[in-house]
Number of protein chains: 2
Amino acid sequence: MLSTLDLPPPRIGDAYNPDCPTRHVLDRIGDKWAVLVMLTLKDGPVRFNDLRRRIGAISQKMLSQTLKSLERDGLVSRAAFPTVPVTVEYRLTPLAGGLIGILDQITHWAESHVGDIMAARRAHDGTDALAA
Amino acid sequence: MLSTLDLPPPRIGDAYNPDCPTRHVLDRIGDKWAVLVMLTLKDGPVRFNDLRRRIGAISQKMLSQTLKSLERDGLVSRAAFPTVPVTVEYRLTPLAGGLIGILDQITHWAESHVGDIMAARRAHDGTDALAA
DNA sequence: CCGTATCCGCATGGATACTG
DNA sequence: CAGTATCCATGCGGATACGG
């Protein structure tokens, strides 16, 4: 069965393959909260509830979850101080530096080209409106 | 209500804000299928069903949907030829070039640092195992 | 203050069937 | 060949409540 398309694995260098190195990084960058958290930590360590307030629209659950996965990937480190009540600081690891660099480039590209995208969108939607 | 945290909009420069230019670009890059489609179109125009076969794991629905949104954003262009049956070619626009550049950088960074991430992950999981 | 556990609505996306 | 339309499972993520 499927004789016409038994291509072994996907073809292109980066085609869908859960094990592709790029996939993992792409998934991190694609993670809305992970990006926001990393950008918020960019200028230094921040405590849990500060993080929450600064990001604003994030739920406790998502923040906790995001921090744990970032910590697991060695992108964020956690430091707890036995004050009372307990104080916990999160900060970026050196490894995260490269990601921040990429995020900065995305931001830069976005700021200079989002106008084009919006224009294309308006043009497209306008065409649609006429067609309809 | 919510008197303690009626911060107007989110604070930090890039905190969650659906209108932030970077947000749109990040969402595109975060879109698994959009990335795969763009990478598959990187070397030249490809027809609908070829695209489907090359990517392999994508459904018709997702491919169609992804192509439409990429077209809307001016990142992909569509050309139909009145052959019978009809032939349709998709190709990247010049605007997409910048995104491809960024994707290449992500790939490059990923290939040189994913080892670190995986190591951190193993270390972390190992620690967990001991703790458990 | 710093989380974890639970419930649950809702959007994402696959499978399938049908049209030009 | 190139799509569109429909149905439906599942998983993401918010709200809430509770524990360390």
Side-chain angles (χ1 to χ4, degrees), chain A residues 1-2 4-5 10 16 18 23 26-37 40-41 45-72 76-91 124 128 131-132, chain B residues 1-2 4-5 10 15-16 18 23 26-37 40-41 45-72 76-91 128 131-132:
Chain A
M1 63 186 71
L2 281 181
T4 60
L5 38 74
Y16 185 64
R23 190 74 264 136
L26 241 17
D27 286 348
R28 267 266 156 290
I29 291 180
D31 183 333
K32 185 175 72 174
W33 297 131
V35 167
L36 253 10
V37 166
T40 307
L41 291 178
V46 182
R47 309 217 331 253
F48 188 86
N49 278 324
D50 275 354
L51 224 30
R52 203 152 117 68
R53 275 183 289 269
R54 297 237 217 147
I55 297 179
I58 195 173
S59 66
Q60 258 183 348
K61 179 185 176 181
M62 278 302 101
L63 180 55
S64 172
Q65 195 168 297
T66 301
L67 285 169
K68 276 216 282 191
S69 70
L70 286 173
E71 203 193 343
R72 183 169 113 100
V76 158
S77 65
R78 195 189 108 116
F81 305 97
T83 54
V84 39
V86 63
T87 297
V88 180
E89 262 183 16
Y90 291 92
R91 76 180 63 216
H124 184 89
D128 275 10
Chain B
M1 61 188 73
L2 282 181
T4 59
L5 38 76
Y16 186 64
R23 190 75 262 136
L26 241 19
D27 286 346
R28 266 268 156 285
I29 291 180
D31 183 333
K32 184 175 71 173
W33 297 130
V35 167
L36 254 9
V37 166
T40 307
L41 291 177
V46 182
R47 306 212 341 247
F48 188 86
N49 278 322
D50 274 354
L51 224 30
R52 203 153 116 68
R53 275 184 290 270
R54 296 236 217 147
I55 297 179
I58 194 173
S59 65
Q60 260 183 347
K61 178 184 176 182
M62 278 302 101
L63 180 54
S64 172
Q65 195 169 298
T66 301
L67 285 169
K68 277 216 281 194
S69 70
L70 286 172
E71 203 193 343
R72 183 169 112 100
V76 158
S77 65
R78 195 190 107 117
F81 305 98
T83 55
V84 37
V86 62
T87 298
V88 180
E89 262 184 17
Y90 290 92
R91 76 180 62 216
D128 275 10

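Throughout, a chain's letter reflects where its sequence line sits, starting with A, and its residues are numbered from 1.
- Rounded to an integer number of Å, the gap from CG of A:N49 to P of C:dC1 is 5 Å.
- Rounded to an integer number of Å, the gap from CD of A:E89 to P of C:dG3 is 12 Å.
- Nearest to the side-chain atoms of A:K61 among the listed nucleotides C:dG3, C:dC7, C:dC2 stands C:dC7.
- Nearest nucleotide to the side chain of A:V86, out of C:dC2, D:dA15, D:dG3: C:dC2.
- Summary of the strand contacts: A:Q65 and B:Q65 both lie near DNA chain C, and taking for each the nucleotide with the nearest heavy atom, the more 5' one is attributed to A:Q65.
- The closest side-chain heavy-atom distance from A:T87 to A:F48 is not below 4.5 Å.
- Side-chain contact check for A:E89 versus A:R78: every heavy-atom pair is 4.5 Å or farther apart.
- Between A:S64 and A:P85, it is A:P85 whose nearest contact on DNA chain C lies nearer the 5' terminus.
- When distances run from any side-chain atom of B:Q60 to the nucleotides C:dG20, C:dA17, C:dC1, the shortest one goes to C:dA17.
- Residues B:I58 and B:L36 are not in side-chain contact: their nearest non-hydrogen atoms beyond the backbone lie 4.5 Å or more apart.
- For the pair B:I55 CD1 and C:dG14 P, the interatomic distance rounds to 12 Å; values are reported in whole Å.
- In this structure, CG of A:L67 is placed 8 Å from P of C:dG3, rounded to the nearest angstrom.
- D:dA2 atom P lies 10 Å from atom CG of B:L63, rounded to whole Å.
- When distances are taken from the side chain of B:M62 to each of D:dG13, C:dG13, D:dA2, the shortest belongs to C:dG13.
- Regarding A:L36, its CG atom lies at a distance of 15 Å from the C1' atom of D:dG13, rounded to whole Å.
- OP1 or OP2 of C:dG3 has at least one side-chain nitrogen or oxygen of A:Y90 nearer than 4.0 Å.
- For the pair B:D31 CG and C:dA11 P, the computed distance is 18 Å after rounding to whole Å.
- Checking the phosphate oxygens (OP1, OP2) of D:dG3, a side-chain nitrogen or oxygen of B:R78 falls inside 4.0 Å.
- As judged by a 4.0 angstrom heavy-atom cut-off over every strand, A:F81 is placed among residues making no nucleic acid contact.
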Given the rule in the salt bridge (charged side-chain N to carboxylate O under 4.0 Å, His left out) test, do A:R53 and A:D50 qualify, once you have shown the distances and angles that lead to the verdict? CA-CA 5 Å; A:R53 275 183 289 269; A:D50 275 354; 3.2 Å; yes
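- Distances from the side chain of B:F48 to the nucleotides C:dG14, C:dC1, D:dG3 place D:dG3 closest.
- Under 3.5 Å, the side chains of A:S69 and A:R28 contain a donor-acceptor pair of N or O atoms.
- Residue contacts for B:R52: at a heavy-atom cut-off of 4.0 Å it reaches no nucleic acid atom on any strand shown.
- For the pair A:L63 and A:L67, the minimum side-chain heavy-atom distance is below 4.5 Å.
- Out of C:dC2, D:dG3, C:dT4, the shortest distance to the side chain of A:K68 is found at C:dT4.
- Proximity of A:R47 to the phosphate of C:dC1: no side-chain N or O atom is located under 4.0 Å from OP1 or OP2.
- Regarding A:I58, its CD1 atom lies at a distance of 13 Å from the C1' atom of D:dC12, rounded to whole Å.
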